[in-house]
Amino acid sequence: MTDMDCLFCKIVAGTIPSRKLHEDEFCIAFADIHPQAPTHALIVPRRHIASLAEMDAKDSDLVGHLHFAAAALAEKLGLAKGYRTVVNTGADGGQTVDHLHVHLLGGRAMHWPPG
Ligand code: 5GP
Ligand code: ZN
């Protein structure tokens with residue numbers, strides 16, 4: 001399903017431009033427009049899934065693939081010292097775009113606990 005009211009569906013479709021970092025059959029990755037680290041990429045499934053809370057069992061492989069793609073992208077971008085992946089879910093999770101995405105953050109030391 002493609003939801004044409006959805007920002008990330010529009011980026012997947014190419015109707016909104018992005019700086020692409022990776023694409024394959026199942027997902028694309030692009031630079032976050034408001035980076036929170038020297039490297040800040042978003043890995044999004046081509047298919048619209050609103051959030052982790054909306055996924056069902058048949059989406060498990062796809063969600064796993066997003067993390068596989070994130071790790072491959074981290075290697076390609078030279079994040080050998082480490083990186084952080086984040087999936088915000090729902091209002092309390094800080095999710096602002098309702099199309100599932102993995103944040104890949106790197107290029108600086110991360111802190112814990114997160115805000
Ligand atoms: P969330 O808050 O839902 O976890 O993350 C959404 C992310 O999308 C934010 O980090 C925000 O900066 C990014 N973002 C919002 N609009 C755009 C856009 O039009 N293009 C790109 N590349 N990133 C966006
Ligand atoms: Zn979407």
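No hydrogens, no waters, no symmetry mates; every other heavy atom, side chains included, goes into these values. For ligands, and for the atoms within them, numbers begin at 1 and follow the listed sequence. Just so you know, these numbers come straight off a predicted model, no measurement behind them.
Protein heavy atom in closest approach to atom 24 (C) of ligand 1: I33 CG2, 3.4 Å. If you check which protein heavy atom lies closest to atom 8 (O) of ligand 1, you get F8 CZ, 3.5 Å. Among protein heavy atoms, the minimum distance from atom 22 (N) of ligand 1 is reached at A31 O, 2.9 Å. When only non-hydrogen protein atoms are considered, atom 10 (O) of ligand 1 lies nearest to D32 OD2, 2.5 Å. The shortest contact between atom 3 (O) of ligand 1 and any protein heavy atom is with T96 N, 2.7 Å. With hydrogens left out, the protein atom closest to atom 16 (N) of ligand 1 is L7 CD2, 3.3 Å, a heavy atom.
Here the side chains of D98 and E54 are not in contact, with every heavy-atom distance at 4.5 Å or above. Taking 4.5 Å as the limit, every side-chain heavy atom of Y83 sits out of range of all side-chain heavy atoms of L77.
For H34 (side chain) and D32 (main-chain N/O), no donor-acceptor pair under 3.5 Å exists by modelled atom type. For T15 (side chain) and K10 (main-chain N/O), a donor-acceptor pair under 3.5 Å exists by modelled atom type. A donor-acceptor pair under 3.5 Å is absent between the side-chain atoms of H101 and the main chain of N88, judged by distance alone.
Taking each heavy atom of L100 and V87 in turn, the nearest pair found is CD1-CG1, 3.9 Å.
The CZ atom of R46 lies 8.5 Å from the CD atom of E25; values are rounded to the nearest 0.5 Å. With rounding to the nearest 0.5 angstrom, the OG1 atom of T39 is 4.5 Å from the CG atom of L79. Atoms CG and CD1, on D24 and I43 in that order, are 11.0 Å from each other to the nearest 0.5 Å. If you take SG on C6 and CD1 on I16, they are separated by 9.0 Å, rounding to the nearest 0.5 Å.
Less than 4.0 angstrom separates some heavy atom of H34 from each of these atoms of ligand 1: 12 (O). Near I11, meaning under 4.0 Å from any of its heavy atoms, are these atoms of ligand 1: 20 (N). Under a 4.0 Å criterion applied to the non-hydrogen atoms of Q95, ligand 1 contributes the atoms 3 (O).
Nearest N/O/S atom of H99 relative to the Zn ion (ligand 2): this is ND1. Sorting the N, O or S atoms of H48 by how far they are from the Zn ion (ligand 2) puts ND1 first.
With a 4.0 Å cut-off on non-hydrogen atoms, N88 touches ligand 1 through its side chain and not its backbone. The proximity of I16 to ligand 1, defined as any non-hydrogen pair under 4.0 Å, does not occur for either the backbone or the side chain.
An N or O contact shorter than 3.5 Å links V97 to ligand 1 by distance. Distances between N or O atoms of S18 and those of ligand 1 include no value under 3.5 Å. Checked by distance only, ligand 1 and H40 stay at 3.5 Å or farther apart across all their nitrogen or oxygen atoms. In terms of polar-atom proximity, L42 is not counted as a contact of ligand 1, lacking any N or O under 3.5 Å from an N or O of the ligand.
Relative ring orientation between H103 and H40 is described as tilted, the plane-to-plane angle lying within the 30° to 60° band.
Ligand 1 lies within reach of H103, whose nearest heavy atom is under 4.0 Å from it. Ligand 1 has H101 within reach: a non-hydrogen atom of the residue lies less than 4.0 Å from it.
Connection of V102 to F30 is not established within any shared hydrophobic cluster, with ILVMFWY side chains joined at heavy-atom distances below 4.5 Å, either directly or through further cluster members.
When SG of C6 and SG of C9 are joined through the Zn ion (ligand 2), the resulting angle is 120° to the nearest 10°.
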